[in-house]
Amino acid sequence: MLSWTCPKCGGVLDVTDVECPHCSESLASIEPAANRTSASGDSQPAAVSRRTDRPDPAPATAVLPVEVPEPSPEAEPAAGSNALGLQRRHYLLFAVALVVFVGAAVWLSGGFDDGIFGLRFEDPGEMDESPVETFAIGVRGDIEVSGVRPYYDDEYQAHVKLFVANHSDQERAVALRALMRVKEAGPRSVPIATFDVVTVPPLGPNEGRELDVSLNAMGTLQSFPRWDEMRVDLEPIGSTQQ
């Protein structure tokens, strides 16, 4: 846009101004300097300044520094803690509480007397002597099996000592399988242990003999019921009745 100078105060005016905004001089009777000529006849161009249409740039906005508060010591996780703020001592307290709870549960269930929740553990020092006393007598026909006493040998293999007797007047070749069950079990129930009674040579009339044979047990000898709660069933070896 074009501008010119006020002849009175020298202020810069716009060509459309009718009054000088600087000295309030009326500009209606003043001829713009651009239309006047000098005395020598040369035209004197008025001081013309050119302004751009672009608005003045906005003043820069002062950027105030933002203060970031430092984290308080209470908010910082302690050394050795995780994202949840749990420290090692919390885990230790939890472990101690768990052990106390499990111990109380075992004690209330009688686990320290009969093993943890009914489980029994073998102690080689206690396996030298059998915890099972002599079982009841097993009889089949003229053959009697008595004095049944399970035990562990030096290699902790289950054996049984027994006495087999022939109560007949004739020679008998014994080949029987002894099945050890609790007294209340049925005749076809699964036995808790078995052993074979085989006499070689055969038993003579009214003869008895001590035997020491291997014992096939489903559990440890310590897990057997009391001797007076068990029975011995005898059946021929190879019989399908189990």
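Worth saying up front: this structure is predicted, and the values here are computed from it rather than measured. Reckoned from all heavy atoms, side chains included, excluding hydrogens, waters and symmetry mates.
Here the closest non-hydrogen pair linking P202 and R209 is O-NH2, 3.4 Å. Taking every heavy atom of both residues into account, A217 and F224 meet most closely at CB-CZ, 3.8 Å. The two atoms that bring Q170 and N166 nearest to each other are O-ND2, 2.8 Å, heavy atoms only. Nearest heavy atom pair, residue R231 against residue A185, reads NH1-O, 2.9 Å. When all heavy atoms of V164 and L203 are compared, the pair lying nearest together is CG2-CD1, 4.0 Å.
When side chains are defined from C-beta on, L176 counts as touching I143, because their heavy atoms get closer than 4.5 Å. Counting heavy atoms from C-beta on, the side chains of D233 and E235 never come closer than 4.5 Å. In this structure, R140 and P236 have side chains that are in contact, with non-hydrogen atoms separated by less than 4.5 Å. Residues L162 and V197 are in side-chain contact: their nearest non-hydrogen atoms beyond the backbone lie under 4.5 Å apart. Under the 4.5 Å side-chain criterion, counting only non-hydrogen atoms from C-beta, V99 is not in contact with F94. Inter-residue side-chain proximity for L179 and L234 is flagged as unmet; no heavy-atom pair is nearer than 4.5 Å. Contact check for P225 versus M230: side-chain heavy atoms found under the 4.5 Å cut-off. Side chains of Y151 and D212 form a contact here, defined as non-hydrogen atoms less than 4.5 Å apart.
To the nearest 0.5 Å, the span separating CG on L215 from NE2 on H159 amounts to 9.0 Å. Taken to the nearest 0.5 Å, the OG atom of S214 stands 8.0 Å off from the CD atom of Q157. Annotation: the span from E207 atom CD to T199 atom OG1 amounts to 8.5 Å, rounded to 0.5 Å. The CD atom of E171 lies 12.5 Å from the CG atom of N206; values are rounded to the nearest 0.5 Å. For the atom pair D196 CG and N216 CG, the distance stands at 7.5 Å (nearest 0.5 Å). Here W227 contributes atom CH2 and R149 contributes atom CZ; the two are 12.0 Å apart, rounded to the nearest 0.5 Å.
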* Step by step, work out the side chain to side chain contact (heavy atoms under 4.5 Å, CB included) result for T220 and Y152. => CA-CA 10 Å; T220 64; Y152 286 109; 3.7 Å; yes
* To do: Test L211 against V145 for side chain to side chain contact (heavy atoms under 4.5 Å, CB included), laying out the working first.
  => CA-CA 10 Å; L211 298 178; V145 175; over 6 Å; no
* Asked: Yes or no on side chain to side chain contact (heavy atoms under 4.5 Å, CB included) for R172 and D142, after CA distance, side-chain angles and deciding distance?
  -> CA-CA 9 Å; R172 289 283 188 265; D142 297 330; 3.4 Å; yes
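No donor-acceptor distance shorter than 3.5 angstrom exists from the side chain of K161 to the backbone of V213, with no hydrogens or angles considered.
Cluster annotation: F101 and L93 are assigned to distinct hydrophobic clusters (Ile/Leu/Val/Met/Phe/Trp/Tyr, side-chain heavy-atom contacts under 4.5 Å, transitive).
Using modelled atom types and a 3.5 Å distance limit, the side chains of S189 and R181 yield a donor-acceptor pair.
For the ring pair (Phe, Tyr, Trp, His ring centres under 6.0 Å) condition, no pair includes a residue of residues 162-211, sequence neighbours left out.
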